[in-house]
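Here's the structure we're looking at; comments come further down.
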Amino acid sequence: MIDIMKIHLVSGFLGSGKTTAIISTSKALMAKGMKVGVITNDQGKFLVDTHFMRLNDIPAVEVNGGCFCCNYGDFNKSLEQITQEIQPDVVFAESVGSCADIVATVVKPLMEFKTAHEEDTTLTTFTDARLLKIYLEGGDLPFQDNVIYIFEQQIQEAGILVVNKMDLLADHLLSELLERTSQRFPEKQILPLVSLTPESVTPWLEGLQSTLQYASTPLNISYKLYGSGEQELAWYDAQLRVESGTQSAVTWVQDFLGLVIQHIRQAGIPIGHLKFLVSDDVRYQKLSLVSGDTAHLIEVDQPEKWGERIELTINARLECSQEEIQQLFQKCFALSADETKTKVTVFAEEAFHPGFPNPTYRFA
Ligand SMILES: Nc1nc2c(ncn2[C@@H]2O[C@H](COP(=O)(O)OP(=O)(O)OP(=O)(O)O)[C@@H](O)[C@H]2O)c(=O)[nH]1
Ligand SMILES: [Mg+2]
């Protein structure tokens with residue numbers, strides 16, 4: 001057995017606020033002198049979230065190229081690595097936002113192979129309060145039914161259900177939403193949360209001490225539906241460098257982001273999570289757009305302060321085909337080629353659908 005620490009698995013739909021909450025909570029714990037490690041996870045290979053954790057001085061290792069369930073060996077190696085490197089008191093493991101069935105495929109193997117103690121392991125599912133509200137009221141979420149199936153299954157297996165981004169709902173709607181949530185999921189610990197700061201995540205930190213850790217019965221999940229839901233989603237990841245020409249690099253980045261959002265909106269493509277990491281030698285910023293956000297622009301802070309050379313990482317998760325997502329970005333690159341001599345170098349890019357979920361272990 002790895003001489004473990006607490007392991008908090010963090011699940012929830014794309015863009016629900018997992019990374020934000022983990023960063024805020026890690027900062028709160030680190031300020032109290034605790035050692036924290038994070039394992040990030042994605043189907044892709046160059047991840048905004050991992051970079052962003054590290055830029056926030058939070059030790060992070062990543063399991064990439066597939067979810068924890070399908071790469072349990074890599075997940076276990078990452079746990080060993082982080083244990084050896086920093087001997088953490090607490091590990092947060094954030095699963096990719098299209099992943100479900102974590103109890104059977106990650107929690108149970110952790111117990112079965114005696115890697116972790118039951119009382120030290122939790123599973124929290126994050127939901128965006130705006131999406132949860134629509135879902136519980138029987139409204140139309142902006143996704144296909146089999147994608148919504150994943151959203152439902154993630155909630156179903158939570159021990160702790162975080163209703164996140166409560167600050168984005170009007171006050172008079174909050175208590176009604178919480179009441180509806182408790183009625184629908186009476187067996188879960190329901191935590192309203194704002195994840196944005198170390199101070200605001202205290203309810204989650206306290207919730208993690210509870211004994212109601214995760215649904216004791218693994219999901220009765222249809223992999224056919226779950227897999228088909230993942231197939232509706234397309235990933236586009238890219239890493240590029242932008243160097244100023246006659247206009248600043250940051251202006252190009254800002255215009256490019258606007259163009260991408262405009263084209264997605266025009267095509268009516270549902271957004272899972274559109275995330276960008278912008279950095280130069282001195283500063284960095286993560287920019288995000290998720291389903292529920294109505295903005296037509298995401299803005300780089302203090303554009304006048306950015307350097308001549310900017311690194312841009314793109315992680316886009318949309319409900320469309322692989323061809324559509326690739327063409328959309330290609331079109332935006334082509335439209336952004338201008339006469340300002342801005343030099344844009346794309347180091348790596350890939351567009352794909354997540355593979356069919358095929359867990360390494362499944363203990364039901
Ligand atoms: N207003 C508000 N925004 C939040 C809150 N939590 C997260 N966000 C925003 O939601 C967006 C997505 O947050 P992330 O933490 O990246 O979401 P995620 O669940 O890690 O996303 P994936 O890893 O792509 O599945 C970002 O723009 C965050 O700033 C919150 O409590 N309030
Ligand atoms: Mg994340």
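Residue numbers run from 1 in the order of the sequence given. Both ligands and their constituent atoms are indexed starting at 1 by order of listing.
At the top of the distance list for atom 8 (N) of ligand 1, counting protein heavy atoms only, stands K165 CE, 3.7 Å. Taking atom 25 (O) of ligand 1 as the reference point, the nearest protein heavy-atom neighbour is K18 NZ, 2.7 Å. With hydrogens left out, the protein atom closest to atom 24 (O) of ligand 1 is H273 ND1, 2.6 Å, a heavy atom. The single protein non-hydrogen atom nearest to atom 16 (O) of ligand 1 is K286 NZ, 2.6 Å, given as residue, atom name and distance. The protein heavy-atom contact nearest to atom 1 (N) of ligand 1 is D167 OD2, 2.8 Å. The protein heavy-atom contact nearest to atom 28 (C) of ligand 1 is T20 OG1, 3.6 Å. The single protein non-hydrogen atom nearest to atom 31 (O) of ligand 1 is S195 N, 2.8 Å, given as residue, atom name and distance. In terms of protein heavy-atom proximity, atom 6 (N) of ligand 1 is nearest to N164 ND2, 3.2 Å.
Looking at Q87, its side chain does come within 3.5 Å of a backbone N or O of Q84 through a donor-acceptor pair. Side-chain N or O atoms of S24 include one that pairs as donor or acceptor with a backbone N or O of S195 at under 3.5 Å. Put simply, the side chain of S182 gets close to the backbone of L178: a donor and an acceptor are under 3.5 Å apart.
For N56, the side-chain hydrogen bond (donor to acceptor under 3.5 Å, both in side chains) criterion is met by K27, not counting sequence neighbours. D128 meets the salt bridge (charged side-chain N to carboxylate O under 4.0 Å, His left out) test with R130, K165; sequence neighbours excluded.
In this structure, CG on L9 lies 10.0 Å from OG1 on T125, to the nearest 0.5 angstrom.
Ligand 1 is approached by S16 to a heavy-atom distance shorter than 4.0 Å.
Note on ring orientation: taking the six-membered ring where Trp is involved, the planes of F113 and F363 are perpendicular (angle over 60°, cut-offs 30° and 60°). Classified by interplanar angle (parallel below 30°, tilted 30° to 60°, perpendicular above 60°), the ring pair W252/F333 is parallel. Ring orientation note: the planes of F75 and Y72 are tilted relative to one another, at an angle of 30° to 60°.
Residue M166 has no N or O atom closer than 3.5 Å to an N or O atom of ligand 1. Considering both main-chain and side-chain atoms, G17 comes within under 3.5 Å of ligand 1 through a nitrogen or oxygen pair.
Considering just the N/O/S atoms of E94, the one nearest the Mg ion (ligand 2) carries the name OE2. The N, O or S atom of D49 lying closest to the Mg ion (ligand 2) is OD2.
Here is the list of ligand 1 atoms found below 4.0 Å of a heavy atom in L168: 1 (N). Interface atoms of ligand 1 facing E94, defined by a heavy-atom separation under 4.0 Å, are 20 (O), 23 (O). For ligand 1, the atoms sitting less than 4.0 Å from at least one non-hydrogen atom of V194 are 31 (O), numbered in the order shown with element in parentheses.
Put simply, T40 stays out of reach of the Mg ion (ligand 2), with no N, O or S atom under 2.8 Å from it.
For F143 and F13, the distance between ring centers is under 6.0 angstrom.
Neither the backbone nor the side chain of N315 comes within contact range of ligand 1; no heavy atom lies under 4.0 Å.
Evaluated for a salt bridge (Lys or Arg N to Asp or Glu O under 4.0 Å) with D49, the options K286, R317, R54 yield exactly one hit, K286.
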